[in-house]
Amino acid sequence: MMVQSTPHVRMEPGTRNVLYDLAIGKLPKKGQELFMGQMGKDVYDKIETNCFQLYIDGVSHLSCYPEISRFNHDCRPNIHYRLSNMTHTTIAARDIEPGEELSITYIELMLPREERRARLRRWGFECTCSHCSMGEEEAAASDARLRKIEELETALENFNETIVTAETGAQLVELYKEERLDIYMGQVYTRAALNFALFGEEEKAREYALAAVAAVEREFGPNAGDARAMRILAENPKKHWTWGKRRKGKPGDGQ
């Protein structure tokens, strides 16, 4: 079931509920059972709680995939998902052990523990995932790593010369790994590969570009723009437009 976001929010509730009841009635019996089996007290609440936002011809919609909505939240999930047109695809973000519960995230994860918990309360639960259940000392260390990630990403974005070196991107990758932010590895490998190329580090640029290709393809599919861009970088870092632009020495040195 899919609805446009604007009328879902703005339509007069009585009229909206009548339309929703009519729509549910047109679903196959199995579809009705799956939809109504989702968390929420009524159709409106089930859409609010369980649906995923997607855009069709630039228009925001809320689309329900009842089988996917049964995945529980984890602040360090092992499943990544993508929406392409109206198709919802789930992909393992890392190796998953036999018997391990599959999980997705309901929120942005680059947040300290207390802020994550506060945002998750709108779903009616207190997060008790392993990352939220850590002791105070471990949680403080995790929050500190997230602050360091933000600092390094800002420095890379603005090229803060007092902070950024050829290894800054690699440091960022290690922080993401330590934080178990598996669903974001494509973007961080990409950033590290570009930074190595900017500093004229050929082998490291190629190594991280290849890692980026694998991660981005897993997250967004083989036709993702970043995957194509990283294949080009890995093929010949010295020919890439970023090559050596932050490298000390004469212009064009090493090209």
Side-chain angles (χ1 to χ4, degrees), residues 75-84 89-96 104-105 108-111 131 141-255:
C75 289
R76 295 298 180 263
N78 53 23
I79 291 292
H80 179 84
Y81 65 84
R82 62 175 178 262
L83 291 163
S84 179
T89 304
T90 56
I91 315 98
R94 57 171 172 79
D95 291 340
I96 299 173
I104 61 174
T105 179
E108 162 61 43
L109 298 179
M110 307 301 290
L111 301 169
H131 211 67
S142 172
D143 289 349
R145 284 190 292 271
L146 291 173
R147 290 193 296 272
K148 185 64 175 179
I149 286 172
E150 183 179 13
E151 176 190 340
L152 292 181
E153 288 184 334
T154 300
L156 283 166
E157 187 72 25
N158 300 320
F159 190 52
N160 185 333
E161 294 186 10
T162 64
I163 297 175
V164 175
T165 69
E167 293 293 331
T168 301
Q171 293 169 12
L172 200 58
V173 167
E174 292 308 310
L175 284 167
Y176 270 76
K177 287 180 177 179
E178 195 169 356
E179 272 299 294
R180 298 189 294 121
L181 292 164
D182 303 292
I183 64 171
Y184 299 142
M185 292 310 297
Q187 65 189 34
V188 72
Y189 275 126
T190 297
R191 179 165 280 180
L194 291 171
N195 193 61
F196 276 123
L198 286 164
F199 278 93
E201 296 278 350
E202 182 178 5
E203 291 308 314
K204 288 291 186 67
R206 180 176 289 110
E207 174 189 344
Y208 281 80
L210 290 172
V213 169
V216 170
E217 285 187 345
R218 183 168 60 247
E219 294 174 28
F220 301 110
N223 296 320
D226 280 351
R228 292 194 297 270
M230 287 297 101
R231 287 192 207 100
I232 292 170
L233 174 56
E235 184 177 340
N236 192 338
K238 290 185 177 181
K239 294 293 185 182
H240 196 264
W241 67 268
T242 57
W243 179 255
K245 291 189 180 297
R246 292 177 181 169
R247 185 175 183 176
K248 293 181 179 179
K250 297 179 181 179
D253 181 36
Q255 296 186 19

For the residue pair [X] and [Y], establish whether any side-chain heavy-atom pair is separated by less than 4.5 Å.
{"X": "L152", "Y": "I163", "value": "yes"}
{"X": "E235", "Y": "H240", "value": "no"}
{"X": "M230", "Y": "L210", "value": "no"}
{"X": "V173", "Y": "Y208", "value": "yes"}
{"X": "I149", "Y": "L181", "value": "yes"}
{"X": "D182", "Y": "H80", "value": "no"}
{"X": "Q171", "Y": "E174", "value": "no"}

Q | Sidechain-backbone polar pair: R82 side chain, R218 backbone, donor-acceptor under 3.5 Å | A | yes
Can you name the closest pair of heavy atoms from [X] and [Y] and give their distance?
{"X": "L109", "Y": "I183", "answer": "CD1-CD1, 3.9 Å"}
{"X": "A197", "Y": "L233", "answer": "CB-CD1, 3.9 Å"}
{"X": "A224", "Y": "V216", "answer": "CB-CG1, 3.7 Å"}

**Q.** E150 atom CD, over 12 foreign heavy atoms within 6.0 Å
**A.** no
Q. Is atom CG of D95 surrounded by more than 12 heavy atoms (other residues, nucleotides or ligands) closer than 6.0 Å?
A. no
Any chance you could measure [X], atom [atom1], to [Y], atom [atom2], to the nearest 0.5 Å?
{"X": "F199", "Y": "T168", "atom1": "CZ", "atom2": "OG1", "result": "6.5 Å"}
{"X": "T90", "Y": "N78", "atom1": "OG1", "atom2": "CG", "result": "10.5 Å"}
{"X": "Y81", "Y": "I91", "atom1": "OH", "atom2": "CD1", "result": "10.5 Å"}
{"X": "R180", "Y": "H131", "atom1": "CZ", "atom2": "NE2", "result": "6.0 Å"}
{"X": "K245", "Y": "L198", "atom1": "NZ", "atom2": "CG", "result": "8.5 Å"}

Tell me which donor-acceptor pairs under 3.5 Å the side chains of residues 187-196 have, and how far apart each pair is, sequence neighbours excluded?
{"unit_1": "Y189", "atom_1": "OH", "unit_2": "K177", "atom_2": "NZ", "d": "3.4"}
{"unit_1": "T190", "atom_1": "OG1", "unit_2": "G186", "atom_2": "O", "d": "2.8"}
{"unit_1": "R191", "atom_1": "NH2", "unit_2": "E157", "atom_2": "OE1", "d": "3.3"}
{"unit_1": "N195", "atom_1": "OD1", "unit_2": "R246", "atom_2": "NH1", "d": "3.4"}
{"unit_1": "N195", "atom_1": "ND2", "unit_2": "T165", "atom_2": "O", "d": "2.8"}
{"unit_1": "N195", "atom_1": "ND2", "unit_2": "A166", "atom_2": "O", "d": "3.3"}

Q. Only one of R147, K148, R76 clears salt bridge (charged side-chain N to carboxylate O under 4.0 Å, His left out) with E179; which?
A. R76
